Amino acid sequence: MGTQYNPQQIEEQWQAEWEELGIYKAIDNDTRPKFYSLVMFPYPSGDLHMGHMRVYTISDVISRQRRMMGFNVLNPMGWDAFGLPAENAAIKRKLHPEAWTKSNIKHMRDAQLKKLGTSYDWQREVNTCEVDYYHWTQWILLKFYEKGLVYRKSAPVNWCPQCETVLANEQVENGACWRHPETQVEQKMMAQWFLKITAYTEQLLKDLDQLKGWPERVCLMQKNWIGKSEGAELQFTVESKPNIKITVFTTRPDTVFGVSYIVLAPENPLVAELTTAENKDAVEKYVAESKLKSELDRMTTEKDKSGVPTGSFVVNPFNGEIVPVWVADYVLMGYGTGAVMGVPAHDDRDFAFASKFQLPIREVISESGQSTGQMKAAYTENGIMLNSGSFNGLSNTEAKSKMTEWAAENQSGNARVLYRLRDWLISRQRYWGCPIPLVHCESCGVVPVKESDLPVELPLDVEFTGEGGSPLGKSQKWLHTSCPNCGKDARRETDTMDTFIDSSWYYLRYCDVQNKKLAFDKAKADYWMPVDQYVGGIEHAILHLLYSRFFTKALRDCGLLSCDEPFSNLLSQGMVTKFSQISGRIEKMSKSRGNVVGTTDFFTKFGADSARLFTLFAAPPEAELEWSEEGAIGQFRFLGRIWRYIQDLIDAGILGKESSTKKDFGEKGYDKSEGLSAQAKLLLQSCHKTIKAVSDDLSPERYAFNTAIARCMELVNQLYAFAAAKAQEGSNGNGSSEATGNSAMSKCSPQERELLAFAARSLLLVMAPMAPHLSEELWHQCGFAASAKDSIHVTKWPSYTASLTEADEFELVFQINGKNVSKAMVKRGISEQEAREVALSDDKVIKKMDGKDPRKVIFVKDRLVNIVV
RNA sequence: ACCCGGUUAGGAAAAUUGGUAAAUCCGACUGCCUUAGAAGCAGUAUUCUCUCGGUUCGAGUCCGAGACCGGGUACCA
């Protein structure tokens, strides 16, 4: 009797063995084709749960299968280790962020990711909070600075007057400070550092077309985020002050004859200039109120339009009409020119505004070109121009360009393309981030730190109170330095970088992690890049992926890299959910919802292989997956079935290190079907079919892990059916309840023994990427391994014989008028003529046809005959 | 509001190009067992693919309309 399947006994042992053998090491410039497999590296928050494990499992299966397919696989792992939670932990628990982060990393790496049985090349581990890494983050920033991609300007920040510090957006809860729910957060203008991502807007937009391997919706989200809109800028001269012109941006220059007012954003500097004495109080009050509103009111869905008139008027350049200038907070200073022309007849928002304040509504486009009278809503469709002077009668799309031309000729406007994408604010007034390597000198201004003086290290002796401004500013020793330019006293920049910067180039550092002279060697990066398969959460569809694309392009333009796009293929795995006691609903697995399933308990009870199989099996990778303990145990049962079957084969002497049964079946696999029983033939077909199906399912075109596992289960079911049939042989029906066992197996002929060995071999190989521990253990037990140092994970992926993937007979279906009537077993490849004869002589068909003549007969090869009467 | 995506047995899902709907797992049920099982073996059942209309010899699959569910964006001019 063989041993029982006990994952605890085998998993840890093989994990150690793999590490020792170094089989997951990626080799620079190897002759095999390269495959760069990447998973979004985690923030080391301390503990991973089953929900997190999904992405690592998927990425690991891809890596392992590609390795078996003969690729030189780079499958690295690292840590996105800077960030706010470490600082919060420091404030709360008096623990230094570095200590907190490092102990979390150790736990996640050794007790969680390794225990999952992942195949990472740990020699390439990257940690963004280590000097070795952020040295190069700073170096890259200096390269960008040289290129003019880094600049400083004033921008609003969230400011808590109680803490006297800047808050990240996540620290603002319902408009209040996360530490002081009673204190309203204010918007304060401060000088901030920006990265000029807008220099790459068009490339970022255009190259989305190249990303054929990305989910369409991610491309669409990026496209919307970039938000290209084509239109025109039009100038309206202020009536009382002709030297002042208000420039508005509009995508609808064709509606300019319908302008009944102009609106300025409250922050627009023109507001003060244009407000007349009698309107001063009202306008100032309104501006002050809207300053406070911003955060809180953005949450409310339907906002009532508000606004006040400035008392000034402007002239419409097209028709000379005089229209009033208002201030309203539905106009944003940050987009376009901070001024908008109000066309109530053809814009929903303007319609609402005009209705509320009884401003005129003039129709200038309609379906027919005729006035439709009293309007009840804005007409935003295309149509024919009216009330528009010489442009009347044109289609509005035609008028758009004609009117823009007219504006340009008359010095009152021009065509203009606008993007929603803004420059990237990278300043964070925090401690636990990468210091910005710039120095402020009284005489020289902003001066970059010399490359040779990098890295600018984070000082470790900093106090964390969470109050009184940036922690770095309080470290006097660190703050004061000398100017790299003139040598006089200077101050370091106390802002640190947004952590999205750290994660915008980590995939490049993996290519050359040890480099002490450069962020990465160009040749090595060019060998590995682009990433062949990136796997990660949909929550990074916009920012992380867009920033990384920007970095790749900017680094390319710095001459450091050759590729245009970092990630050729992207897989966004769905989230893992579970019923939450707190909300009473099925929700995303998370600590706050109280529905997490820990990894350690499950791994010790049922093993990592069962956890891996369940997360792969329960849903396709992009779909949501509900964690189910019963379901996961089902996978444990499945593995137990494989284990017991193979033990029986070993007990029967069919397999095992000492057994003499053939263990390698060459390129085509075992392919002798002559002399096999019907049941054995089915098994042989099942083997070839499984290899084909799993190969297809694990290919990048499909990544259908769920069906791959289902195919493996079918093969196992077929193996049991074969054993049951064997047990029946000669035992007169009421045989033993165990299908397998020595008695059944020992009845096998030498040919059947070979077939079983082939089946076991094939099954273990195709299961290896998904259940790496069990496959490896049984591989060795069966004697398939060439030596103790050999591994199934570096064994060649099996091939199959196409002709053996199907039975030579199949059920030909007979339909009458598309409805199933009958069927019959016939030879595969039967000709249309033969099939037609068989169909027309079938009893049920004759009966159903009732003597009628077939009008038409449709034949689908190896499937059906459809008789139309 | 707008833009995506989805809806198949009790639950999760399969069905590469229109061609026998329901592979596989969970759950339920039945039988077997001289180790009665969170883990064995063998077997059974459930229903016609959300609704309506169209194209077709033939539609879960393609087209149109609607219902419901999920996601993204959110005054972007």
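All of these numbers come straight from a predicted model, not from anything done at the bench. Below, read A as the first sequence line, B as the second, and so on, with proteins coming before strands; counting in each chain starts at 1.
- Across C48(B) and A14(B), the matching C1' atoms stand 16 Å from one another, rounded to whole Å.
- With sequence neighbours excluded, the residues satisfying ring pair (Phe, Tyr, Trp, His ring centres under 6.0 Å) with Phe636(A) are Tyr5(A), Phe606(A).
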field: Full working for salt bridge (charged side-chain N to carboxylate O under 4.0 Å, His left out) between Lys844(A) and Asp842(A)
entry: CA-CA 6 Å; Lys844(A) 284 186 195 150; Asp842(A) 182 276; over 6 Å; no

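- Other residues, nucleotides and ligands contribute at most 12 non-hydrogen atoms within 6.0 Å of the CZ atom of Arg863(A).
- Glu701(A) pairs by the side chain to side chain donor-acceptor pair (under 3.5 Å) definition with Ser699(A), not counting sequence neighbours.
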Are any protein N/O atoms closer than 3.5 Å to N/O atoms in nucleotides 67-73 of chain B? If there are, list each pair with its distance.
none

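- Within a 6.0 Å sphere centred on NZ of Lys689(A), heavy atoms belonging to other residues, nucleotides or ligands number 12 at most.
- Side-chain contact between Thr615(A) and Val576(A): absent, with no pair of heavy atoms (C-beta onward) separated by less than 4.5 Å.
- The side-chain hydrogen bond (donor to acceptor under 3.5 Å, both in side chains) contacts involving residues 630-642 of chain A comprise Arg641(A)-Asn717(A), where partners must be two or more places apart or lie in separate chains.
- Open room surrounds NZ on Lys588(A); 12 or fewer heavy atoms of other groups in view lie less than 6.0 Å from it.
- Taken residue by residue, residues 257-266 of chain A places no heavy atom nearer than 4.0 Å to RNA chain B.
- Every residue meeting the side chain to side chain donor-acceptor pair (under 3.5 Å) condition with His773(A), not counting sequence neighbours, appears here in chain and number order: Gln15(A), Asp609(A).
- A gap of 9 Å separates the P atoms of G60(B) and G19(B), to the nearest Å.
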What pairs of nitrogen or oxygen atoms, one from the protein and one from nucleotides 25-30 of chain B, lie under 3.5 Å apart?
residue: C26(B); atom: OP1; partner: Arg637(A); partner atom: NE; Å: 3.1
residue: C26(B); atom: OP1; partner: Arg637(A); partner atom: NH2; Å: 2.8
residue: G27(B); atom: OP2; partner: Arg637(A); partner atom: NH2; Å: 3.0

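- The structure places CD of Gln8(A) at 12.5 Å from CZ of Phe603(A), a figure rounded to the nearest 0.5 Å.
- Where RNA chain B pairs in unbroken runs of 3 or more (Watson-Crick or G-U, both distances under 3.5 Å), the stems are B:1-7 with B:67-73, B:10-12 with B:24-26, B:28-32 with B:40-44, B:50-54 with B:62-66.
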- request: Produce a footprint string for nucleotides 52-65 of chain B: one letter per nucleotide, 5' end first; B if the base is under 4.0 Å from any protein heavy atom, S if only the sugar-phosphate is, - if neither.
  value: -----BS-------

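- Considering only residues two or more places apart in sequence or on other chains, Asn382(A) meets the side chain to side chain donor-acceptor pair (under 3.5 Å) condition with Asn396(A).
- For Asn820(A), taking side-chain heavy atoms from C-beta onward, the closest of the listed nucleotides A21(B), U17(B), A23(B) is A21(B).
- Side-chain contact, Ser590(A) with Arg593(A): a donor N or O sits under 3.5 Å from an acceptor N or O.
- Under the rule for a side chain to side chain donor-acceptor pair (under 3.5 Å), the partners of Asp697(A) that lie at least two apart in sequence or sit in another chain are Arg702(A), Thr707(A).
- No engagement by Val343(A) is indicated, since no non-hydrogen atom pair under 4.0 Å with the nucleic acid exists.
- Partners of Tyr335(A) by ring pair (Phe, Tyr, Trp, His ring centres under 6.0 Å), not counting sequence neighbours: none found.
- Classification of the Phe357(A)-Trp326(A) ring pair by plane angle, with boundaries at 30° and 60°, yields tilted.
- Residue Asn224(A) is out of contact with every strand shown, counting any heavy-atom pair closer than 4.0 Å.
- A distance of about 11 Å separates the C1' atoms of G64(B) and U55(B), rounded to the whole Å.
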